[in-house]
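Note that this is a predicted model, so its numbers are computed, not measured. Throughout, protein chains are lettered first and strands after them, A, B, ... in sequence-line order, and every chain is numbered starting at 1.
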Amino acid sequence: MASEPLVELVSVNKHFGALHVLKDINLAIAPGEVVVVIGPSGSGKSTLCRVINRLEGIDSGTITIDGVPLPAEGKELAKLRAEVGMVFQSFNLFAHRTILQNLTLGPVKVRKVAPAVAKEQALALLDRVGVRDQAEKYPAQLSGGQQQRVAIARALALNPKVILFDEPTSALDPEMVGEVLDVMVALAKAGMTMVVVTHEMGFARKAADRVVFMADGQIVEESDPETFFTKPTSARARDFLGRILTH
Amino acid sequence: MLDLVREYDVLGAFWVTVQLTVYAAVGSLVIGTVIAILRVSPVRIFSWAGAMYVNVVRNTPLTLIVFFLFFCLYQLLGWHLAPLSARSSTHAFVWGVVGLSLYHASFVAEALRSGINTVGVGQAEAARSIGLDFGQSLREVILPQAFRGAIAPLGNTMIALTKNTTVVSTIGVAEASYAMKNAIEFSPNVLYLIFAVMSLGFVVLTLPMGVLFTQVSRRLAVQR
Ligand SMILES: Nc1ncnc2c1ncn2[C@@H]1O[C@H](COP(=O)(O)OP(=O)(O)O)[C@@H](O)[C@H]1O
Ligand SMILES: [Mg+2]
């Protein structure tokens, strides 16, 4: 990799009580890179995402974002979190705020953008993800696919350096998966740095620069998508792919 | 009946009840919100202090709290919350409001905590992930939803507060039940009428409150 990594994890370990969920994770993500994380349920994929913006603390190792180590809890951490967008499986839009207010909250409160400017930018983002006409509605009035597109726009509103996606399409009805993946592919093509936990191979093939396969809290294998899906080297990856492909 | 109302200044007494209720409602909402925030704070000592307050105060009889404030703090130790020159009934009124506020704050805190529990962890995580700090997350995301979820239990607390104001007659605040006691003593011949008038008075105060809280809670309910 030519440039400095944008996100770098060095020897990261994380336990939940006696359970060792992240085992000596080393991962460097270059600016503009799209990394797909794949692996069996319980392998630590969500935890990996959550430690990168420190929704969970780590026991040892270091995590740096654009050269800055993750600060401990406090104002500094809050500021850094705004640089790392996150899209959740269950959308987590603010239920008591309109779609538009969901997008403007961060810019106004964290970035101190003037409300009128934030609104302008929010409407442009809603346009970009195709839900501008829903701006005045509340999250519960939107379909799952629309909510997830709004969640992506909410993350984008802060102009983050990287966006983490934790199974963004797993909670969606099948007919809505496509509309969300389309937005994500467009985002990838536009040069956004992305970490995406997903089992959508179509997305991985179309948009990923690299696939990281996790099992039991470890990175077992990583390669480009084509190689990973056609010629996985580890037995665990072969076994896993065999299972998701026959489904 | 009108004679009775006039003779014992029932309207004036109920006006004192209303004032006690309003001041103590504001006081208990403010204190209760602070306690609720302490309880959900990630700082151990704060959440411990919040839980301690709720458990001690909620399990102490209101009469005990009011007596302690009035006889120990005010009469024995001479703590004055009203100007020294104020009438003794004013001092009793102010201490009564304090006692009612402190006591009902524990119920407000519990109502709010149950409201906070209706707000999913995902909301707090989303708030943090867009860069809001702890205070902003509470103010902008958690508490607005928690208040909406807590309106119904808060309504119950406010209705209980209205009725519990009768306790401060014991330290000499001339509210509704104080007038009632006088009426019973000096007009025992119309005992049933006295009870009817008094309970009617409280129903007139609390029934609209119940209706209002139910309606507001429906109107503001957060759709999920
Ligand atoms: N907050 C938590 N407390 C305790 N155990 C947890 C917690 N979150 C996750 N785990 C456990 O850690 C392991 C990894 O979980 P997770 O990162 O969610 O895996 P994945 O996203 O790959 O399914 C699982 O065994 C899970 O049960
Ligand atoms: Mg997961």
Side-chain angles (χ1 to χ4, degrees), chain A residues 46 49-50 52-57 71 73-98 101-112 137-142 147 150-151 153-160 163-166 171, chain B residues 33 36-48 111-155 213 215-224:
Chain A
S46 294
C49 281
R50 295 164 59 83
I52 294 177
N53 71 349
R54 214 179 176 289
L55 285 176
E56 303 279 359
E73 206 69 43
K75 295 254 185 235
E76 283 305 304
L77 177 63
K79 212 184 288 170
L80 199 111
R81 278 211 189 100
E83 310 283 350
V84 182
M86 178 125 184
V87 174
F88 301 86
Q89 181 176 340
S90 47
F91 330 133
N92 292 344
L93 294 178
F94 303 129
H96 63 306
R97 289 176 170 263
T98 64
Q101 291 168 341
N102 262 272
L103 264 69
T104 53
L105 180 62
V108 170
K109 294 292 167 188
V110 179
R111 298 266 198 249
K112 312 295 177 201
K137 291 193 184 162
Y138 285 87
Q141 296 172 284
L142 271 59
Q147 288 191 54
V150 171
R154 177 176 68 182
L156 284 172
L158 286 145
N159 248 322
I163 303 186
L164 314 169
F165 295 79
D166 188 4
Chain B
T33 304
I37 291 173
L38 288 181
R39 281 204 85 170
V40 300
S41 153
V43 184
R44 279 280 284 282
I45 178 84
F46 287 171
S47 63
W48 180 85
L112 283 179
R113 198 170 67 110
S114 76
I116 289 173
N117 286 340
T118 66
V119 185
V121 283
Q123 295 285 307
E125 292 189 342
R128 286 154 74 198
S129 79
I130 61 166
L132 300 181
D133 60 33
F134 179 73
Q136 289 172 322
S137 300
L138 271 180
R139 261 198 320 279
E140 305 292 340
V141 176
I142 312 297
L143 284 181
Q145 293 186 56
F147 269 113
R148 286 169 167 85
I151 287 171
L154 280 178
F213 274 103
Q215 270 190 358
V216 171
S217 140
R218 264 202 218 116
R219 278 266 310 275
L220 292 182
V222 181
Q223 297 176 43
R224 295 210 168 78

Let me know if [X] has heavy atoms under 4.5 Å from chain B in its side chain, its backbone, both or neither.
X        : result
A:Arg97  : side chain
A:Leu158 : side chain
A:Lys109 : both
A:Phe88  : side chain
A:Leu93  : backbone

With a 4.5 Å heavy-atom cut-off, do A:Phe94 and B:Ile130 have their side chains touching?
yes
Side chain to side chain, A:Ile163 and A:Leu156, heavy atoms closer than 4.5 Å:
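When only atoms from C-beta onward are counted, A:Leu156 and A:Ile163 do touch, with a gap below 4.5 Å.
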Portion of B:Gln136 that has a non-hydrogen atom of chain A nearer than 4.5 angstrom:
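Just its side chain gets close to chain A.
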At what distance, to the nearest 0.5 angstrom, does CD1 of B:Ile142 lie from CD1 of B:Ile37?
11.5 Å
Look up atom CD in A:Gln89 and atom CG in A:Asp166, then write down how far apart they are to the nearest 0.5 Å.
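Spacing of CD (A:Gln89) from CG (A:Asp166) equals 6.5 Å.
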Check ion pair A:Lys79-A:Glu76 (N to O, under 4.0 angstrom)
yes
On a heavy-atom basis, which atom in A:Leu103 and which in A:Ala157 lie closest, and how many Å separate them?
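So the two residues come closest at O-CB, 3.6 Å.
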Among the options A:Val84, A:Leu55, A:Leu80, pick out the one with the most heavy-atom pairs lying under 4.5 Å from chain B.
A:Leu55
